[in-house]
**Q** 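Quick one: the structure is below, and I'll ask about it shortly.
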Amino acid sequence: MFHTPRKAALFISVLGLLSVTTTGLYSVHAEEPAMIAYHEHRESHTTSRETTTWSEKTSTSKKSTSHSTSVNVPDAGIIAGTVLFSGLEKSSLTHFAEGYEDSQPASHGALASIQDKKGKWGLVGMDGTLSVAPAYKSISYQGHGLFSVTGQKGVKYITSHGTVPDSLPPVWDDSAELIAYRENGRWGFKNPQGHVVITPRYKDAYTNFYEGIAFVKDEDGHKIAINNKGNFLFEAPYDAIYPFHNGLAEIRRNVHSFSWSSLAGAAVVGSLTHAHYDEDADYGLSRKDIKRGYINTQGQEIFDSRSDSVYPMTPYGTFIRDKGQIRFADRSGKTIFGPGPYDVDDTTFAMKEGLAALENDQTDKMGAISLVTGETVIPFAYDEVRFLGSDRVELDTGNTHVLASVSTGRAIISLPEDSDILPFGNQSVTWVIGDDKKDFTLLSVDGQTLAHFTGNQIKEVTPFHHGFSRVKTDMGTGLMDETGAWALPPQYRTIHFYS
């Protein structure tokens with residue numbers, strides 16, 4: 001999917017993966033487990049180059065913390081280095097956030113799949129060049145560095161370099177501890193080497209084993225959790241159950257206003273594999289009336305699925321909406337921020353720093369809070385606060401449009417009026433897209449212009465991924481590197497990045 005400015009969905013959503021990149025920003029798919037590392041949401045904005053100053057007052061009660069902010073916008077342009085908010089150090093949970101690794105299939109040498117104008121598929125290597133020339137009717141990553149293909153007689157699987165493997169792995173899920181299999185109408189579990197660990201005895205298997213626990217249906221038709229010995233742990237009477245991840249498992253309850261018919265298969269089959277997130281999919285931070293909660297490894301419901309909404313789960317905790325109020329609780333359920341009149345529909349995260357941007361419903365202004373302490377880090381004085389990754393944040397007051405450093409709080413550069421800036425993720429460059437896509441500028445993380453293209457040269461772009469951006473022109477789609485040079489000429493029908 002390509003980026004289109006003005007309230008268009010962006011490159012993320014993760015989902016599909018990702019496994020996710022360590023510092024990317026990702027949205028949550030409403031029909032996938034809402035454990036994420038990063039979220040990104042796009043909105044339009046208009047700007048001019050003027051500085052904003054503010055004063056802030058904080059009042060605290062036993063039940064909530066509130067903030068009031070006054071804003072003054074002088075008639076002056078932003079100066080690089082201007083302090084916009086207090087700098088901060090990385091969160092103590094940085095190691096937790098960095099546990100989300102981009103492990104496949106990029107770790108096996110595949111950057112993307114590519115389709116030529118004849119409809120044939122191939123692969124792009126991590127250097128941005130073709131590693132497998134388009135020759136297949138279809139190509140799909142299966143795990144263990146292998147891709148299933150069709151269209152070539154006698155060839156069912158290839159590596160990222162196009163060679164045919166001598167043998168296939170005994171099981172395909174290379175992230176689970178034990179993998180479910182079916183035999184004679186009953187389900188059991190094998191280890192990654194294909195050896196039986198739990199003989200088939202269950203009517204159904206809802207997940208593979210993660211963190212020593214799987215969910216199954218027993219002989220009496222009850223949904224239960226079991227350990228890797230096949231012993232009963234606790235009952236799990238939920239409409240949908242997902243695997244454990246960092247001590248929590250997502251659960252869902254059926255609600256009358258939401259149709260689960262399209263989700264039933266995903267709840268049973270899709271949950272067998274570990275959830276992952278894809279920066280090129282479009283998910284959006286949407287609740288869609290899903291009643292989700294989370295349980296710990298003892299089966300205790302830490303986050304009540306009867307709340308209006310519980311989403312998304314991050315390394316630090318989750319936002320909970322109930323009775324018109326928003327609060328943020330850590331992964332043990334302890335309230336860190338709120339409750340208060342906030343909106344998280346446009347929320348972005350700076351995970352390494354442990355920050356989240358959200359909107360005050362009473363003032364319609366955005367700011368940012370610490371997910372560790374609950375303190376306000378960026379005052380609620382902006383029309384938009386959007387974390388971009390790589391220690392960068394976009395701030396917009398309607399009069400001021402600025403790229404700033406998250407760690408120092410200093411302005412780096414004023415952005416053009418009516419422009420859109422794409423996320424950096426964990427990359428060192430990004431695109432700034434002019435009004436109505438009339439121009440495209442490559443911008444470095446320190447605010448330097450690296451290359452410039454007109455709307456006649458480029459039509460659509462994506463954020464950079466492992467040093468490359470997918471770029472569409474009138475001639476076709478290609479890959480451009482961080483200097484603005486073509487790694488692959490724009491002569492292909494489509495290119496899909498792997499996470």
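We're numbering straight along the sequence, starting at 1. Computation of the quantities below employed the complete heavy-atom set of this structure, encompassing side-chain atoms and omitting hydrogens, waters and symmetry-equivalent molecules.
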**Q** Run Asp420 and Val432 through side-chain contact (heavy atoms from CB on, under 4.5 Å) and show every step you take.
**A** CA-CA 6 Å; Asp420 284 293; Val432 176; over 6 Å; no
**Q** Just checking, is any N or O donor in the side chain of Asp383 or Thr397 under 3.5 Å from an acceptor N or O on the other one?
**A** no
**Q** Look at the side chain of Arg386 and the backbone N and O of Val393, then say whether any donor-acceptor pair between them is shorter than 3.5 Å.
**A**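 It does not hold such a pair.
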**Q** Pairing donors with acceptors under 3.5 angstrom, does anything connect the side chains of Ser140 and Gln142?
**A**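 A pair is found: one side chain offers a donor N or O, the other an acceptor, under 3.5 Å apart.
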**Q** Mind checking whether Phe328 and Phe319 have ring centres under 6.0 Å apart?
**A**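 Yes, ring centres under 6.0 Å apart.
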**Q** How about Arg327 and Thr335: does a side-chain donor come under 3.5 Å of a side-chain acceptor?
**A** yes
**Q** Tyr342 and Phe380: aromatic ring centres closer than 6.0 Å?
**A** yes
**Q** Look up atom CZ in Arg410 and atom OG in Ser405, then write down how far apart they are to the nearest 0.5 Å.
**A** 9.5 Å
**Q** Please determine if Glu301 and Arg253 form a salt bridge, counting it only when a charged side-chain N lies under 4.0 Å from a carboxylate O.
**A** yes
**Q** Are Asp346 and Glu359 close enough that some pair of their side-chain heavy atoms sits under 4.5 Å apart?
**A**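 A side-chain contact exists here, since the closest heavy-atom pair is under 4.5 Å.
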**Q** Does the side chain of Arg321 come within less than 4.5 Å of Asp343's, by heavy atoms?
**A**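 Answer yes - side chains close enough.
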**Q** Go through Tyr294 and Arg331 one step at a time and tell me if the side-chain contact (heavy atoms from CB on, under 4.5 Å) criterion holds.
**A** CA-CA 9 Å; Tyr294 294 88; Arg331 292 175 68 94; over 6 Å; no
**Q** Tell me if a side-chain donor or acceptor on Thr363 pairs with a main-chain N or O of Lys365 at a distance below 3.5 Å.
**A** yes
**Q** Should Leu403 and Phe424 be marked as a side-chain contact (heavy atoms from CB on, under 4.5 Å) after you check the CA-CA gap, both sets of side-chain angles, and the distance that decides it?
**A** CA-CA 11 Å; Leu403 178 68; Phe424 285 95; 4.2 Å; yes
**Q** Apply ring-ring contact (aromatic ring centres under 6.0 Å, His included) to the pair Tyr141 and Phe147, showing each step before the final yes or no.
**A** CA-CA 4 Å; Tyr141 185 68; Phe147 300 79; 5.0 Å; yes
**Q** Does any donor atom in the side chain of His401 or Glu384 lie under 3.5 Å from an acceptor atom in the other side chain?
**A** no
**Q** Just so I know, are the side chains of Phe453 and Asp439 near enough to count as touching, which here means a heavy-atom distance under 4.5 Å?
**A**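 Phe453 vs Asp439: side chains apart.
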**Q** Hey, mind stepping through Leu130 and Tyr492 against side-chain contact (heavy atoms from CB on, under 4.5 Å) and telling me if it holds?
**A** CA-CA 12 Å; Leu130 287 179; Tyr492 299 93; 3.5 Å; yes
**Q** With distance as the sole criterion, is a donor-acceptor pair present between the side chains of Ser113 and His496 under 3.5 Å?
**A** no
**Q** Is the backbone of Met475 close enough, under 3.5 Å, to the side chain of Thr473 for a donor and an acceptor to pair up by distance?
**A** yes
**Q** Is the number of heavy atoms from other residues, nucleotides or ligands under 6.0 Å of Lys117 NZ greater than 12?
**A** yes
**Q** Who passes salt bridge (charged side-chain N to carboxylate O under 4.0 Å, His left out) against Glu211, sequence neighbours left out?
**A**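 Applying salt bridge (charged side-chain N to carboxylate O under 4.0 Å, His left out) to Glu211 gives none.
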**Q** Measure across Ala106 and His466 and return the closest heavy-atom pair with its distance rounded to 0.1 Å.
**A** CB-NE2, 3.9 Å
**Q** Does Lys334 offer a backbone N or O that forms a donor-acceptor pair with the side chain of Asp330 under 3.5 Å?
**A**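 The answer is yes, because a donor-acceptor pair under 3.5 Å joins these two groups.
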**Q** Are Tyr311 and Val344 packed together at the side-chain level, in the sense that at least one heavy-atom pair is separated by less than 4.5 angstrom?
**A**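 Answer yes - side chains close enough.
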**Q** Once rounded to the nearest 0.5 Å, what's the spacing between atom OG1 of Thr462 and atom CE of Met480?
**A**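 Those atoms lie 11.0 Å apart.
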**Q** For the atom pair CD1 (Ile412) and CG (Leu415), what is the distance rounded to the nearest 0.5 Å?
**A**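 If I round to the nearest 0.5 Å, the distance is 9.5 Å.
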**Q** With side chains defined as the heavy atoms from C-beta onward, is the minimum distance between Thr477 and Arg470 less than 4.5 Å?
**A**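 A side-chain contact exists here, since the closest heavy-atom pair is under 4.5 Å.
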**Q** So, do Phe440 and Val461 sit near enough that their side-chain heavy atoms are less than 4.5 Å apart?
**A** yes
**Q** To the closest 0.5 Å, what do you measure between CD1 (Ile326) and CZ (Phe337)?
**A** 9.5 Å
**Q** Would you mind reporting whether Phe464 and Trp431 have side-chain heavy atoms less than 4.5 Å apart?
**A**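 SC-SC contact between Trp431 and Phe464 confirmed.
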**Q** Can Glu250 and Arg252 be counted as an ion pair, charged N to O under 4.0 angstrom?
**A** yes
**Q** About how many Å separate CD1 of Ile495 and CG of Leu111, when rounded to the nearest 0.5 Å?
**A** 9.0 Å
**Q** Considering all heavy atoms of both residues, which atom of Leu395 and which atom of Ala404 are nearest to each other, and what is their separation?
**A**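 Minimum heavy-atom separation between Leu395 and Ala404: CD1-CB, 4.3 Å.
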**Q** In the structure I gave you, are the side-chain heavy atoms of Phe349 and Phe387 within less than 4.5 Å of one another anywhere?
**A**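 Not in contact.
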**Q** Just checking, any donor-acceptor pair under 3.5 angstrom between side chains of Asp391 and Ser407?
**A**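 Side chains of Asp391 and Ser407: pair found under 3.5 Å.
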**Q** In terms of relative ring orientation, are Phe497 and His465 parallel, tilted or perpendicular, with 30° and 60° separating the classes?
**A**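 Tilted, since the angle between the ring planes falls between 30° and 60°.
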**Q** Main chain of Ser309, side chain of Ser307: is a donor-acceptor contact present, judged purely on distance under 3.5 Å?
**A**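 Side chain of Ser307 to backbone of Ser309: no pair is present.
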